[in-house]
Amino acid sequence: MNPSPLPPDSRWNRLVRAARLAPDARAAVAPLGFGTRVAALALGRRAPDSLLDLLAGRALGVACILALSAIALNYDEAARRLSGLAGGEDSLPIGEDVVAVVLALAN
Amino acid sequence: MPDPAEPPFDVAGCLALVRAGDQHAARELVEHLYPLVIRIVRSHRPRRVAEEDLAQEVFLKMFSRLTQYQGAVPLTHWVSRIAVTTCIDHLRAQKRRPEFRWADLSESEADVLDAVLTNEREVPANDALAATELVEKLLSQLKPDDQLVLRLLDLEQKTIAEIAALTGWNQSLIKVRAFRARRKLQKLFLELRKKERS
């Protein structure tokens, strides 16, 4: 089923008839390593995450939740201790030589 | 050529393994399909694109679309279509078409063109390689889609139905493209004849 068969003596037909005779000596087998490279690229793209990756991600999430929960549950106690440290009598004197104070107390 | 003693390649089994992520099966599939893909790539790739790079692109597309392959057509037909459409995408991306000049032809190409233009003698068989080069240079003057149609129709001698299956274009469109491309070549031959005389 050809649209309009080429006239046998047309220039184009004579040229392609000659071109079709050209031998193709190029190799038709995959070069060494080609299949391995392509398979690795193709499957590497769509491979699901490994079990370790999945567990490590989840473990990080759980650790974050636990840390936030711990802060939330102990917020009052932590705030009280911090304010006590900041405003208490035992706070370190600002602007004094701390080493001298410690040595004086030791004597 | 496949060894007759070798068992036929189990496409369905291999595809099932590839879908399960078996890299060894994927490599076997690539090696099985490589001769088909490289033949298409060599026939239709733009000259500036390396054939191995284009073949790799075809295979990567094949793997990324493997879930879409339902087995309604043979795998080789499905892969051929991917290869042809990948090549046409690259041909379309190559916007600039170098002007065809007598001065750029080698001596044997000029001889072949002279033989074709003068209509006096048949192109010698030992000039087949020069004729191939000349065909490529002439085709490069056409639009990418027209190039593809003439390569498939006139060089590879495929039928319109086969070209339609490979490209996804309807048969009327293919006929129109072939007609238009041959007319453009005819015009080009006339121009070359004038230049040769002058």
Side-chain angles (χ1 to χ4, degrees), chain A residues 1-70, chain B residues 18 21-31 34-36 38-39 42 51-52 55-56 59-60 62-64 66 112-113 115-117 119 122-125 127-136 138 150 153-157 159-161 171 174-179 182 185-186 189 193:
Chain A
M1 188 177 165
N2 206 315
S4 52
L6 276 171
D9 289 330
S10 80
R11 293 177 175 119
W12 174 242
N13 194 20
R14 290 169 65 222
L15 185 61
V16 289
R17 218 164 44 217
R20 281 198 297 263
L21 298 175
D24 188 355
R26 292 172 291 185
V29 290
L32 197 66
F34 180 84
T36 308
R37 187 178 73 236
V38 172
L41 280 172
L43 297 188
R45 276 183 185 178
R46 64 192 192 114
D49 292 335
S50 69
L51 188 62
L52 190 65
D53 290 343
L54 289 172
L55 288 179
R58 285 180 187 178
L60 182 66
V62 169
C64 287
I65 290 168
L66 286 175
L68 290 171
S69 307
Chain B
V18 172
D22 186 328
Q23 207 153 310
H24 178 71
R27 183 172 60 79
E28 283 191 341
L29 188 62
V30 169
E31 283 167 3
Y34 187 84
L36 169 80
I38 202 66
R39 191 174 50 75
R42 281 173 183 162
E51 62 183 38
E52 204 176 306
Q56 179 173 308
F59 282 114
L60 291 180
M62 178 196 79
F63 282 116
S64 69
L66 212 52
V112 170
L113 185 57
V116 168
L117 289 176
N119 270 340
E122 198 64 24
V123 178
D127 277 343
L129 283 174
T132 308
E133 282 296 311
L134 195 53
V135 164
E136 287 304 319
L138 287 165
L150 284 198
L153 199 60
D154 295 339
L155 278 173
E156 298 180 23
Q157 297 185 293
T159 64
I160 296 285
Q171 299 197 5
I174 294 166
K175 289 178 192 173
V176 169
R177 281 190 171 142
F179 175 77
R182 286 173 181 167
L185 282 175
Q186 197 58 33
F189 278 125
R193 186 86 197 263

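In the text below, chain A, chain B and the rest are named by the order of the sequence lines, each starting its count at 1. Hydrogens, waters and symmetry mates are skipped; everything else that's a heavy atom, side chains included, is used.
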- Query: Given that the side chain runs from C-beta out, which part of B:L185 has a heavy atom under 4.5 Å from chain A: side chain, backbone, both or neither?
  - Reply: side chain
- Closest non-hydrogen atom pair between B:A131 and A:A18, with its separation: CB-CB, 3.8 Å
- Query: Are more than 12 heavy atoms from other residues, nucleotides or ligands located less than 6.0 Å from atom CG of A:L66?
  - Reply: yes
- Non-hydrogen atoms of B:V18 and B:A25 that approach each other most closely: CG2-C, 3.7 Å
- Query: Based on non-hydrogen pairs under 4.5 Å, which of B:E31, B:R42, B:R27 is most in contact with chain A?
  - Reply: B:R42
- Task: Give the C-alpha distance, both sets of side-chain angles, the deciding distance and a yes or no for side chain to side chain contact (heavy atoms under 4.5 Å, CB included) between B:V30 and B:F63.
- Result: CA-CA 10 Å; B:V30 169; B:F63 282 116; 3.6 Å; yes
- State which residues pass side chain to side chain contact (heavy atoms under 4.5 Å, CB included) with B:E52; sequence neighbours excluded, sorted by chain then number. A:P31, A:F34, A:R37
- With sequence neighbours excluded, tell me which residues meet ring pair (Phe, Tyr, Trp, His ring centres under 6.0 Å) with B:F189. none
- Item | B:L150/A:V16 under side chain to side chain contact (heavy atoms under 4.5 Å, CB included): CA gap, chis, key distance, verdict | CA-CA 10 Å; B:L150 284 198; A:V16 289; over 6 Å; no
- Message: Is A:V38 in contact with chain B via its backbone, its side chain, both, or neither, using a 4.5 Å heavy-atom distance?
- Response: both
- Message: Heavy-atom cut-off 4.5 Å, strictly under: side chain, backbone, both or neither for B:L36 against chain A?
- Response: neither
- Item | Which portion of B:I38 sits near chain A, non-hydrogen atoms under 4.5 angstrom | side chain
- Item | Which atoms of B:E133 approach chain A - backbone, side chain, both or neither, heavy atom under 4.5 Å | neither
- Message: Please classify the contact of B:A55 with chain A as side chain, backbone, both or neither, using a heavy-atom distance under 4.5 Å.
- Response: both
- Note on the structure: Scored by heavy-atom pairs under 4.5 Å with chain A, the best of B:Q157, B:M62, B:E156 is B:Q157
- Structural part of B:D22 lying under 4.5 Å from a heavy atom of chain A: backbone
